[in-house]
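To find a chain, count down the sequence lines: A is the first, B the second, and so on, and within it residues start at 1.
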Protein chains: 2
Amino acid sequence: MKEEALLQEHIAKHHLKVTKERSAILRAFIEAERHVTAEELYRMMREKHASIGLATIYRTLNLFCECGLAEQRQFGDGHARYELTYNVNHHDHLVCTQCKKIIEFENMDIEKLQEKVAKAHRFTIYSHKLELYGLCSDCAKSNSSLRKGKDELHAVRSSRSE
Amino acid sequence: MKEEALLQEHIAKHHLKVTKERSAILRAFIEAERHVTAEELYRMMREKHASIGLATIYRTLNLFCECGLAEQRQFGDGHARYELTYNVNHHDHLVCTQCKKIIEFENMDIEKLQEKVAKAHRFTIYSHKLELYGLCSDCAKSNSSLRKGKDELHAVRSSRSE
DNA sequence: ATGACTGCAAACCTTTTGCATAGCG
DNA sequence: CGCTATGCAAAAGGTTTGCAGTCAT
């Protein structure tokens with residue numbers, strides 16, 4: 001599992017330590033739905049690792065971000081979401097503001113245009129965030145029957161390059 | 001001043017009230033640098049309107065957002081920033097992660113591609129956020145002399161459509 | 001052994017809210 | 001007048017931190 005290797009490299013380089021908590025959290029993080037909240041991960045782990053505290057989840061997720069395993073995202077609901085980024089193609093997000101569904105997409109043309117914009121401003125891009133907010137087809141349809149968007153957050157993987 | 005008209009229309013429609021605080025905050029908000037923090041606006045107003053409380057600033061900025069005068073943005077530093085959006089073309093942001101400079105840009109080609117992506121996913125877009133993070137030309141140059149990015153946030157208006 | 005990691009609870013910090021008062025319509 | 005807005009202070013809510021004990025190296 002390459003993710004563990006990356007983490008261990010970072011740990012060795014910074015005189016940190018491999019602990020069972022960190023290993024367990026990494027495993028859970030990899031298994032987890034994309035765009036997990038610290039709280040969600042915490043609850044996920046309550047069954048098999050009831051002793052792990054929420055503070056440790058936060059500390060460990062920050063560690064993952066530092067070593068490039070994860071990225072923190074802010075979709076505007078006040079909960080930071082963490083996303084595995086190692087060995088994953090960059091992608092952007094369609095966010096349904098009603099049912100909270102998150103659809104991922106890739107579009108190389110947009111990325112190229114971003115580079116063009118950056119170059120025009122003599123800017124060196126290290127990362128970017130593109131989020132499109134609106135209604136998914138389901139919610140657009142059932143818009144009149146306005147159900148409260150209390151569904152869980154799903155992530156639908158999908159590629160598209162046109 | 002059209003902004004005031006829009007605000008008054010919203011106020012009338014919702015049985016709200018025009019107060020001197022709201023008028024003063026609107027004026028300050030229009031004069032303010034783009035991407036103001038509630039706190040920044042609060043401090044800006046301390047001189048001429050010392051009695052206005054921070055809570056009112058927040059409540060009023062939220063009011064501005066509701067009537068379409070402003071938009072809230074989250075650039076990832078934990079402070080919500082508010083941006084006047086009325087009578088302003090939509091634009092996106094280049095954010096220098098070192099000196100915190102924010103450069104605005106417009107790019108219709110990217111917007112068109114976004115629409116295309118949305119259509120492919122049967123998604124109805126209401127808004128979007130595109131932020132490119134990296135180093136501006138100044139910081140890329142003086143990268144070795146790593147000065148702490150404590151500068152104020154500047155906004156440089158700029159258009160570009162290629 | 002040394003120094004990092006953990007759980008717990010307290011602290012933090014930005015934003016929101018409750019309440020009594022002030023003020024618009 | 002009735003009902004909204006305000007200021008203040010307290011609450012909220014997510015995230016971080018201090019501390020004493022635990023554990024990896």
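- If you take CD of A:E39 and P of D:dT15, they are 9 Å apart, rounded to a whole angstrom.
- The OG1 atom of A:T85 lies 7.5 Å from the CD atom of A:E83; values are rounded to the nearest 0.5 Å.
- Of all the residues in residues 47-57 of chain A, A:S51, A:I52, A:G53, A:A55, A:T56 reach under 4.0 Å from DNA chain C with at least one non-hydrogen atom.
- Between the side chain of A:H79 and the backbone N or O of A:D77, at least one donor-acceptor pair lies under 3.5 Å.
- Here the CD atom belonging to B:E71 is positioned 7.5 Å from the NE2 atom belonging to B:H90, to the nearest 0.5 angstrom.
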What protein N or O atoms touch nucleotides 10-13 of chain C N or O atoms at under 3.5 angstrom, if any, and at what distances?
none

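- In this structure, the CD atom of A:Q74 is 17 Å from the P atom of D:dG13, given to the nearest Å.
- When rounded to the nearest whole Å, the span between CG of B:L7 and C1' of C:dC24 equals 14 Å.
- The distance between atom CD of B:E40 and atom P of C:dT14, rounded to the nearest whole Å, is 12 Å.
- Rounding to whole angstrom units, NE2 of residue B:H14 and P of C:dG25 are separated by 16 Å.
- The distance from the SG atom of B:C65 to the OH atom of B:Y82 is 6.0 Å, given to the nearest 0.5 Å.
- In this structure, B:H93 and B:F75 have perpendicular ring planes: the angle between them is above 60°, well past the 30° mark.
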For this session: Report, as a single string ordered 5' to 3', how protein heavy atoms within less than 4.0 Å touch nucleotides 19-25 of chain D: B base, S sugar-phosphate only, - not at all.
Result: -----BS
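- In the set C:dT6, D:dT6, C:dT16, the nucleotide with an atom closest to the side chain of B:E21 is D:dT6.
- Nearest approach of B:K2 to B:N87, heavy atoms of both residues: CD-ND2, 3.5 Å.
- Side-chain atoms of B:H91 come within 3.5 Å of backbone N or O of B:N89 as a donor-acceptor pair.
- D:dT16 atom C1' lies 9 Å from atom CG of A:N62, rounded to whole Å.
- Listed here is the closest heavy atom pair of B:T124 and A:A140: OG1-CB, 4.4 Å.
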Problem set entry | From CA spacing to verdict: salt bridge (charged side-chain N to carboxylate O under 4.0 Å, His left out), A:E31, A:R27 | CA-CA 6 Å; A:E31 285 172 24; A:R27 254 177 282 122; over 6 Å; no
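- Here D:dT6 presents its C1' atom at 14 Å from CG of B:L63, a figure rounded to the nearest Å.
- Following rounding to the nearest Å, A:D77 (CG) and D:dT15 (P) show an atom-to-atom distance of 9 Å.
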For this session: Tell me, with the steps shown, if B:K129 and A:E131 meet salt bridge (charged side-chain N to carboxylate O under 4.0 Å, His left out).
Result: CA-CA 5 Å; B:K129 294 181 185 169; A:E131 286 139 32; 5.6 Å; no
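- B:A80 comes within contact range of the sugar-phosphate backbone alone, with a heavy-atom separation under 4.0 Å but no base atom that close.
- The distance from atom CD1 of A:I25 to atom CZ of A:F64, rounded to the nearest 0.5 Å, is 6.5 Å.
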